[in-house]
Amino acid sequence: MNIKAVKTEKATVLIIDGRLDSNTSGILEKEIFAVTGTGEKNLVLDFTSMDYISSAGLRVLLLAAKNMKKAGGKVVLSALCANVKEVFDIAGFTSIFTICASQEEAIQAV
Amino acid sequence: MANNLGRGGGEHLLQKMSNQEMSYCLKNNLEEIPALAEAFELFAETYKIPDRAVFQVNLSLDELLTNTISYGFPEGGEHEIVIRIALQAVTLIIEVKDDGMAFNPLETSEVDLGQELEDRPVGGLGIHLARKMMDEIEYNREENCNVLVMRKQIQDL
């Protein structure tokens with residue numbers, strides 16, 4: 001998995017490429033920690049190139065959402081493929097996250 | 001006949017047991033899970049198993065194996081986990097056998113999905129995902145081994 005961080009005016013966008021699982025979720029956790037450490041309150045996670053997520057990945061997303069909310073910010077997700085969407089539905093995550101079709105819409109939704 | 005595939009220094013063993021059956025042996029190391037997923041994808045391609053079923057099986061295996069590897073061997077050391085997958089008519093039968101601590105994942109409590117963000121616990125989703133994605137999961141403790149058998153219909157997905 002690779003993560004590319006892009007700072008925009010309204011949020012920092014993390015573009016995730018590859019599998020988000022028990023091997024890689026720690027990398028995302030560190031990256032989110034690094035971004036929020038700079039005082040960033042809003043995160044957009046772009047899943048266009050993320051084809052797989054397991055509960056280890058969901059855990060990191062849930063933690064991030066809780067922490068950002070406490071800090072008065074938000075996590076918005078974009079571009080979930082069908083498989084990832086199904087995992088979100090079954091985990092009950094669709095109702096607790098703002099999910100947008102594209103990165104641009106997600107930045108607007110922050 | 002057995003067809004052994006060595007993988008870059010690792011000791012992975014992928015055997016085609018019969019026409020519609022594969023077995024895979026992995027060590028108690030999380031990093032080996034993606035290679036199992038690739039091996040199953042190859043098997044699935046041969047038998048034209050729909051992508052959605054492949055994803056669901058791989059995710060369920062990932063969740064159960066991550067649990068076993070993370071918590072099943074508190075004394076450490078190297079252990080082998082054996083996975084056998086068979087396609088019988090339109091049903092995939094997946095068996096996972098390990099010699100770790102006795103643990104029945106089906107005895108874990110149901111996750112409450114109705115809670116607000118603040119109240120949602122950050123664990124326990126893995127088994128929930130596997131239970132929802134498979135048609136059936138059965139657990140047995142046999143001698144010193146945990147044996148999980150999952151079933152998944154691949155038709156009309």
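Each chain gets a letter, A, B and so on, in the order its sequence line appears, and its residues count up from 1. Just so it is clear, the model here is predicted, and its values are computed rather than measured.
Around NZ of B/K48, the count of heavy atoms belonging to other residues, nucleotides or ligands within 6.0 Å does not exceed 12. The number of heavy atoms from other shown groups lying within 6.0 Å of NZ (A/K10) is above 12. Other residues, nucleotides and ligands contribute over 12 non-hydrogen atoms within 6.0 Å of the CD atom of B/Q115. Remark: B/E75 CD is packed, more than 12 non-hydrogen atoms of other residues, nucleotides or ligands lying under 6.0 Å away.
With respect to the salt-bridge test (charged N to carboxylate O, under 4.0 angstrom), the residues A/K66 and B/E118 do not qualify.
Hydrophobic clustering places B/F43 together with B/Y24 (ILVMFWY residues linked when any side-chain heavy atoms are closer than 4.5 Å, directly or through intermediates). Linking Ile, Leu, Val, Met, Phe, Trp and Tyr whenever their side-chain heavy atoms come within less than 4.5 Å puts A/I53 and B/L65 in one cluster. B/V149 and B/L87 are members of different hydrophobic clusters when ILVMFWY side chains are connected at heavy-atom separations under 4.5 Å. Residues A/L63 and A/V87 fall within the same hydrophobic cluster, defined by Ile, Leu, Val, Met, Phe, Trp and Tyr side chains chained together at heavy-atom separations under 4.5 Å. Under the 4.5 Å side-chain heavy-atom criterion for Ile, Leu, Val, Met, Phe, Trp and Tyr, A/F97 and A/V84 are members of the same hydrophobic cluster.
Separation of atoms CG (B/L125) and CG (A/L62) is listed at 7.5 Å; rounding is to 0.5 Å. Interatomic distance, A/D89 CG to B/K132 NZ, rounded to the nearest 0.5 Å: 12.5 Å. Taken to the nearest 0.5 Å, the CG atom of B/L129 stands 8.5 Å off from the OG atom of A/S54. Remark: B/M133 CE to A/I90 CD1 distance equals 3.5 Å, nearest 0.5 Å. Of the inter-residue distances, the one linking A/S95 atom OG with B/R120 atom CZ reads 7.0 Å to the nearest 0.5 angstrom.
Heavy atoms of A/N83 lying under 4.5 Å from chain B belong to its backbone as well as its side chain. Only the backbone of B/D119 comes within contact range of chain A, judged by heavy atoms closer than 4.5 Å. Looking at A/R59, both its backbone and its side chain come within 4.5 Å of chain B, counting heavy atoms on both sides. With a 4.5 Å cut-off on non-hydrogen atoms, B/E31 touches chain A through its backbone and its side chain both. Heavy-atom distances place no part of A/L61 under 4.5 Å from chain B, backbone and side chain included. With a 4.5 angstrom heavy-atom cutoff, A/V60 does not touch chain B via any of its atoms. Neither the backbone nor the side chain of B/V111 comes within less than 4.5 Å of any heavy atom in chain A.
Side-chain contact, B/N58 with A/Y52: no donor N or O sits under 3.5 Å from an acceptor N or O.
The most heavy-atom pairs under 4.5 Å with chain A, out of B/P34, B/G126, B/G123, come from B/P34. Chosen from B/L59, B/I127, B/D51, B/I69, the residue pairing most often with chain A at heavy-atom distances under 4.5 Å is B/L59.
Under the 3.5 Å distance criterion, the side-chain polar atoms of B/E63 are matched with a main-chain donor or acceptor of A/S55. With A/D21 contributing its side chain and B/D62 its backbone, the two residues share no donor-acceptor pair below 3.5 Å.
Using a 4.5 Å heavy-atom cutoff, the side chains of A/D51 and B/F55 are not in contact.
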